[in-house]
Amino acid sequence: MIKVLIADDQELIRQSLQIVLSIKEGISVVGTAENGKKVMDFLKKERPDVILMDVRMPEMDGVQCTKAIKERYPEIKIIILTTFDDDEFVFSALKYGASGYLLKGISMDELDKAIHTVYNGGAMINPEIASKVVEFFSEMAQSNYDITIEAQNVEELTDTEWEIIKLVGRGMSNKEIADKVMLSEGTVRNYISTILSKLNLRDRTQLAIWEVQSGSVKYRRR
């Protein structure tokens, strides 16, 4: 059962999402919150698997809250929900570790799919903004937004870990990677955790940025 917390400053939206998601198989809505501070208070008592996070909320907005959560509870997955197609919010939320970014106009079936996708280690980006995200990562790869890895740490990577890094850089989910390298999702998840530890990176988003920036193949020993 996937435990979901809904964070939105509009009571009607909180209630509507709670009602609809409560009838979806495999999902349990464990609470709601009207702003980021309430979310942080909730997390002191209970840990949801996935948070549906409105981007514009009073006191603490969705981007600030995402940053705070991923610093303290990196295992929690976050899907940013908004009615605004705002580049700054999109990029900041993803930079801080959000696993998805969806416009509120999506269907409940699409939202249900997104929750299961991010819970299983994937990412879900609304098609309307996906192209902007790709452009953003391309710009970062050529900018001063550098992620530096110690050479010694890179040398410790195995061939399988290199293959998985390459696929993470392509934006593949754990399931897609598992199918590609013929391993279980759990094994892929463990590999990624080991890779992040070896490279001293916070999450798979940083790993993907590093792979794009460095063209990580150039680091491999011949």
Looking at [atom1] of [X] and [atom2] of [Y], how far apart are the two atoms once the value is rounded to the nearest 0.5 Å?
X: L183; Y: E163; atom1: CG; atom2: CD; answer: 10.5 Å
X: E11; Y: Q18; atom1: CD; atom2: CD; answer: 10.5 Å
X: Y73; Y: M40; atom1: OH; atom2: CE; answer: 5.0 Å
X: M57; Y: C65; atom1: CE; atom2: SG; answer: 5.5 Å
X: I79; Y: I6; atom1: CD1; atom2: CD1; answer: 11.0 Å
X: T158; Y: K198; atom1: OG1; atom2: NZ; answer: 5.5 Å

Requested in this report: May I ask you to say whether R14 pairs ionically with D9, meaning some side-chain N is under 4.0 Å from a carboxylate O?
Outcome: no

Query raised in the report: Is D41 salt-bridged to K44, cutoff N-O under 4.0 Å?
Result: yes

Heavy-atom pair with the smallest gap, counting every atom of [X] and [Y]:
X: I76; Y: R47; value: CD1-CD, 4.2 Å
X: Q64; Y: E59; value: OE1-O, 4.3 Å
X: V20; Y: M108; value: CG1-CG, 3.1 Å
X: A178; Y: V188; value: CA-CG2, 3.7 Å
X: G31; Y: F42; value: CA-CE1, 4.1 Å
X: T66; Y: G62; value: OG1-O, 2.7 Å

Report task. Using distance alone, with no hydrogens and no angle criterion, decide if S197 and T194 have a side-chain donor and acceptor under 3.5 Å apart. Result -> no

So, do [X] and [Y] sit near enough that their side-chain heavy atoms are less than 4.5 Å apart?
X: V50; Y: I78; answer: no
X: I192; Y: V168; answer: yes
X: V29; Y: I19; answer: no
X: S193; Y: I195; answer: no
X: L5; Y: M53; answer: no
X: V30; Y: P48; answer: yes
X: N35; Y: D54; answer: no
X: V181; Y: T160; answer: no

Under 6.0 Å from the [atom1] atom of [X], do we count more than 12 heavy atoms belonging to anything else shown?
X: K104; atom1: NZ; answer: yes
X: K38; atom1: NZ; answer: no
X: E25; atom1: CD; answer: no

Query raised in the report: Cation over ring, K67 on Y96, under 6.0 Å and within 45°?
Result: yes

Report task. Go through the steps for V39 and I69 under the test side chain to side chain contact (heavy atoms under 4.5 Å, CB included), then give the verdict. Result -> CA-CA 9 Å; V39 170; I69 291 170; 3.8 Å; yes

Report task. Look only at the side chain of E110 and the backbone of S107, and say whether a donor-acceptor pair between them is shorter than 3.5 Å. Result -> yes

Query raised in the report: Would a distance-only check, ignoring hydrogens and angles, find a side-chain to backbone donor-acceptor pair under 3.5 Å from D49 to K3?
Result: yes

Query raised in the report: Going through the distances and angles, do H116 and I2 end up as a side chain to side chain contact (heavy atoms under 4.5 Å, CB included)?
Result: CA-CA 8 Å; H116 281 85; I2 304 173; 3.6 Å; yes

Requested in this report: Kindly write out the residues that satisfy salt bridge (charged side-chain N to carboxylate O under 4.0 Å, His left out) with K175, not counting sequence neighbours, or none if the list is empty.
Outcome: D179

Report task. State which residue, out of T82, L111, I80, L52, fulfils the side-chain contact (heavy atoms from CB on, under 4.5 Å) condition with L102. Result -> L111

